[in-house]
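What follows is a short report on a single structure.
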Amino acid sequence: MTCNPRYEILFEPMPIGPVTAPNRFYQVPHASGMTNALPRVRAAFREAKAEGGWGVICTGACSIDPSSDDAPLPFATLWDDNDIRAHALMTEAVHRHGSLAGVELWHGGASVMNRASRLPPLSPSGIPWMATHVGFMGNLRPKTMDKADIKEVLRCQAEAARKARTAGFDIVYVYAGMGYLGYEFLLPEYNHRADEYGGSIENRVRFVREMIEVTKDAVGKVCGVALRVSLEELRGRPGRNQPSEAHELIELLADLPDLFDVKMDSSPTDCSASRFTGEGSHEPVIDFVKSLTKKPVVGVGRFTSPDTMVSQIRRGVLDFIGGARPSIADPFLPAKIREGREAEIRECIGCNICISSWHDGVPVRCTQNPTAGEEWRRGWHPERVVRADRPERILIVGGGPAGLECALTLGRRGHEVTLADSSRGFGGRLTFEKTLPGLSAWNRVVDYRLGRLGEMSNVSLYPESTLGVDEIIDLAPERVVLATGARWTDMLYSSMEIPVGRLDHPAVFTPDDIAAGRLPQGPTLVFDFDNYYMGGVLTEHLAAQGVPVSYVTPAGQASAWTIMTNELPLVHRALARRKVPVATLHLLKAFDGETATLAHLFTGEESRIACRSVLIVGLRLPRNALFEALSARTNDLTTAGIKSVDRIGDALAPGAIAHAVHSGHKLAQEIGAETRRSPYRRDTPIVDAVADFELRTAAE
Ligand code: ADP
Ligand code: SF4
């Protein structure tokens, strides 16, 4: 197949200063959670995207000096020769496929705590960033930078730029966004300076200008120099000669960098979840940039549709189509467009599990792409699998995310796969969850897999087929995979977080009841100790159905874990918009059909809420009846020639959809292998052999 002529514009080469990108697909800097401690994992993760056609591949934030230390979060560094070697693995991998490698040099200013380096954080005027939840625990308050500090940071930037060049990078960044040092100089709330770096916008831009100048002096002849800048807040400030200070900033710097990488100011707006924000949401903030500069502009917006991408270019919004999440979900997105295979794009669902990986301090995970982060560790490739030596007849029971992914990967490996599900359609938990407020894009997990499965002659799909032990034995496959999911329980927890048995009352509901179409009588109390999205989203769902509803959780916030996915502020906003009363730090103790008794988590003080029904969003347990029944008939299984029975996804261990997909993929990769545990290769930091030797001899 060939590229649709409409999309050919996406494949035009584009200059960025002295270097030229092979096309307009630009993987903007994004966290990988891999750090310099996992250099091979990181190189392979980035390489997959270069192989898949992204013309530019960037690192995540890469500290220029120990005064910018985000430990324990998994940030990268360019401080010494070992760092150069670690990054060189990535640039070589990217260059192998003809793409450019970019490095996001970064100084966190007052946003970092320097927990490990114990150096005073630097800032324009000593103002802490997000003081209410970052600057506690006895950490250092930022130091106000004097002229010598400014000079030193400029020197570090230039030095890091030279190291970046040695490491093989083609594009070097100056970062002035997201609360970091450059951004703090731009905003008068952080910058109270009375010298030439504070006051007017011209003065506040000075530090960023100097950062660009020193970078250009250091590497500008051979590398493109990019400015990454957040424009949301500045766009809201009227300018003196322009509609806003964002306009004035771009006008002041218009000719200086080789590329503008423009974005929003905070993670929840910059990288917002699809539950609350659609594709292309940055446009109202960044749409003016190209009118004020001739330099190329890149921006993001969770772009997965080639028509939207082309429209961004034709309408003069962007020159490069920036992608972070779309490149994680489908490293081969550009290649699929180039080859006329748009239907095969594995579209990002906007769930932000990838971002939660950064907050957890671990390599990136993705709901749509189970191979993300596993390219080197497990040798998985986003598009290719090793064909099985001997195809086997494999029956999968359950067509939710785990079963679908397992069927797809087994099918690609050449096995004869039968996938059966009790329901009319496939999709498992997503069949209901996609109907909940804001979650329709999540069904891309199902759409992508069903689309591919429909093209495979070695995979048969059987909806409306409830399988028990006898049916399975009659079918006599060589292997059985159970992907039968999990069920929500009506168990409660004590203040010690110990399960204290069921809340037994006919008006107690679980999410499974709501999925089955039962609507509780209002007023309904939602008691959520699952703490991810389900409690919040079901509360919204009930409110939207006209059921008066209140929300109670023992956690400190509604849907507390969604802090990890950038959704938490928007969950609270959504509940407030629907006028839902929210009670945090409370346990549900009892319910008699008319009143629920709550107890404060810490004081034990009891209170009562009048309600006719209770929805408990708490503990999930695997749906294991079929597995247990099969385990009781091992002799019959052997007689039927069934060699193995495995469980995957929620049937094995209930969790987020990302885990179910990963579990289904993992089993499909490993099934039939002599040892079921896939090799989990451990990466090691690159260390200078000479320095190691000196250390050893000193110790001897
Ligand atoms: P996961 O997230 O692990 O994929 P889901 O709960 O989304 O799990 O999907 C489980 C699927 O298994 C559901 O679609 C359900 O209808 C199906 N299922 C459960 N038990 C059986 C069974 N005995 N026969 C056929 N399908 C089943
Ligand atoms: Fe997209 Fe979710 Fe994958 Fe992140 S984890 S890239 S948001 S599908």
Side-chain angles (χ1 to χ4, degrees), residues 30-32 271-275 277 302 304 323-331 333 346-358 364-373 382 395-407 418-434 441-442 444-446 448-449 462-472 475 480-488 511-512 515-516 564-567 620 622-627 629-630 647-665 667:
H30 75 77
S32 68
C271 204
S272 50
S274 62
R275 186 174 157 193
T277 318
R302 206 161 29 76
T304 55
R325 289 173 290 175
S327 75
I328 300 172
D330 196 342
L333 182 150
R346 198 167 43 233
E347 289 183 284
C348 166
I349 69 166
C351 61
N352 284 1
I353 283 291
C354 47
I355 290 152
S356 77
S357 321
W358 162 260
V364 71
R365 299 163 292 204
C366 173
T367 302
Q368 272 284 51
N369 175 13
T371 70
L395 169 68
I396 303 173
V397 186
L404 286 170
E405 173 63 23
C406 192
T418 301
L419 176 64
D421 197 291
S422 319
S423 310
R424 277 232 302 275
F426 290 91
R429 60 189 289 183
L430 277 168
T431 308
F432 169 59
E433 291 182 21
K434 74 178 179 196
W442 287 27
R444 291 170 173 185
V445 170
V446 179
Y448 166 73
R449 287 167 179 81
Y462 291 94
E464 295 184 278
S465 305
T466 301
L467 298 190
V469 184
D470 293 331
E471 287 85 1
I472 292 174
L475 283 167
V480 178
V481 179
L482 300 180
T484 46
R487 62 186 174 82
W488 293 90
D512 291 331
M564 307 294 271
T565 52
N566 286 348
E567 292 165 297
R620 292 169 77 212
R623 244 186 247 125
N624 253 342
L626 186 53
F627 178 72
L630 284 168
R647 285 169 294 171
I648 55 171
D650 292 322
L652 181 66
I657 294 165
H659 303 311
V661 172
H662 187 272
S663 166
H665 188 87
L667 184 81

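All ligand and atom numbering here is 1-based and tracks the order in the structure.
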Is it true that a side-chain atom of [X] and a backbone atom of [Y] form a donor plus acceptor pair closer than 3.5 Å?
X      : Y      : result
Asp421 : Tyr462 : no
Arg346 : Ala329 : yes
Gln368 : Glu347 : yes
Ser422 : Thr466 : no
Ser327 : Ala324 : yes
Arg623 : Ala486 : yes

> Which atoms of ligand 2 are found less than 4.0 Å from any heavy atom of Ile349?
Replying inline: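 In order of number, 1 (Fe), 8 (S).
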> Taking atom 20 (N) of ligand 1 as the point of reference, which of Leu482, Leu404, Thr484, Leu430 owns the nearest heavy atom?
Replying inline: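 Closest candidate by heavy-atom distance is Thr484.
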>> Regarding atom 6 (O) of ligand 1: of the candidates Ala515, Gly485, Gly655, which has the closest heavy atom?
In response: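 It is Gly485 that holds the nearest heavy atom.
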Please work out whether any backbone atom (N, CA, C, O) or any side-chain heavy atom from C-beta onward of [X] is under 4.0 Å from ligand 1, and answer side chain, backbone, both or neither.
X      : answer
Val397 : side chain
Ala660 : side chain
Ala483 : backbone

> Is there a heavy atom in Ser465 that sits closer than 4.0 Å to ligand 1?
Replying inline: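 It does; at least one heavy atom falls under 4.0 Å.
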Protein heavy-atom partner closest to [atom] - residue, atom, separation in Å:
atom                    : answer
atom 2 (Fe) of ligand 2 : Cys351 SG, 2.4 Å
atom 21 (C) of ligand 1 : Ser422 OG, 3.6 Å
atom 3 (Fe) of ligand 2 : Cys366 SG, 2.3 Å

